[in-house]
Amino acid sequence: MKHHVEVLLTEEQVDARISEIGAQISRDYEGKEVHLVCVLKGGTFFTCELAKRISVPVSLDFMSVSSYGSDTKSSGVVRIVKDLDEPLRGKDVIVVEDIVDSGRTLSYLLEMLKDRGPASLKLCTLLDKPERRVTDVKVDYTGFRVPDEFLVGYGLDYDQKHRNLPYIGKVVFDKQEDGKE
């Protein structure tokens, strides 16, 4: 579908907010090590930038959980595509996600990870759409609350496109010449 992208949050805004979150996590985990669990693929950009801004020791692992496919709305069907490589038992874990909207995927993921015995388990997201929530999920660290728009950039994609944008943009679907969308 033909579309274009309008800037919602500039690269500078995103960078500044990630620095603030990194500083807060560093204060909250002073004297400890934090284990970041990046939710692939969208969380990659945010996780890498966040890790660079955390001053306490950081370890990383990656997990891929899918509920979208090539659509613009969550299907509600959660599928683990790639599981963690390391055990979580006794670790202070922060799950890092690009966006929280319906909460279905993260609710499932967080319950599953709690069963693995971490010392603590928190959630950090770059973007939060609380008005789309259908499942209650506690977000401990939030970059930005955003409107209910389809967003791309900084790891978020539309059918695998636009992940590499250095800002957060809103996808605007172009009207066709015959007036149909």
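Predicted model, so just to flag it, every value in this text is computed and none were measured.
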Got more than 12 heavy atoms from elsewhere within 6.0 Å of CG, Asp148? yes
When you look at Lys138 and Asp140, which way does the salt bridge (charged side-chain N to carboxylate O under 4.0 Å, His left out) test go after all the steps? CA-CA 6 Å; Lys138 181 180 185 270; Asp140 301 285; 2.5 Å; yes
Test log, rule ring pair (Phe, Tyr, Trp, His ring centres under 6.0 Å), inputs Tyr158 and Phe150: CA-CA 8 Å; Tyr158 171 54; Phe150 196 81; 5.7 Å; yes
Side chains of Ser55 and Ser26: any donor to acceptor distance under 3.5 Å? yes
From [atom1] ([X]) to [atom2] ([Y]), nearest 0.5 Å:
| X | Y | atom1 | atom2 | value |
| --- | --- | --- | --- | --- |
| Phe46 | Leu156 | CZ | CG | 11.0 Å |
| Ile21 | Gln24 | CD1 | CD | 9.5 Å |
| Leu36 | Ile25 | CG | CD1 | 7.0 Å |
| Cys124 | Ile94 | SG | CD1 | 6.5 Å |
| Gln13 | Ile18 | CD | CD1 | 12.0 Å |
| Arg132 | Glu149 | CZ | CD | 11.0 Å |

Show, in sequence, the C-alpha distance, side-chain angles and deciding distance for Lys91 and Asp61, and conclude whether the salt bridge (charged side-chain N to carboxylate O under 4.0 Å, His left out) test is met. CA-CA 12 Å; Lys91 295 180 180 179; Asp61 206 345; over 6 Å; no
What salt bridge (charged side-chain N to carboxylate O under 4.0 Å, His left out) pairs are there with at least one residue in residues 17-41, not counting sequence neighbours? Arg17-Glu20
Which residue pairs satisfy the ring-ring contact (aromatic ring centres under 6.0 Å, His included) criterion with at least one member in residues 106-144, sequence neighbours excluded? none
Work out which heavy atom in Tyr167 is nearest to a heavy atom in Val7; give both atom names and the distance. CE1-CG2, 3.6 Å
Ignoring hydrogens and geometry, is there a side-chain-to-backbone donor-acceptor pair from Thr44 to Leu40 under 3.5 Å? no
Listed partners of Glu6 passing side chain to side chain contact (heavy atoms under 4.5 Å, CB included), at least two apart: His4, Lys170, Val172
Just do the salt bridge (charged side-chain N to carboxylate O under 4.0 Å, His left out) check on Asp101 and Arg104 with the steps written out, would you? CA-CA 8 Å; Asp101 50 27; Arg104 285 186 190 114; over 6 Å; no
Between Arg116 and Asp83, is there a side-chain N and carboxylate O pair less than 4.0 Å apart? yes
Quick one: do Asp15 and Arg53 satisfy salt bridge (charged side-chain N to carboxylate O under 4.0 Å, His left out)? Show the steps, please. CA-CA 10 Å; Asp15 187 58; Arg53 291 164 175 83; 2.3 Å; yes
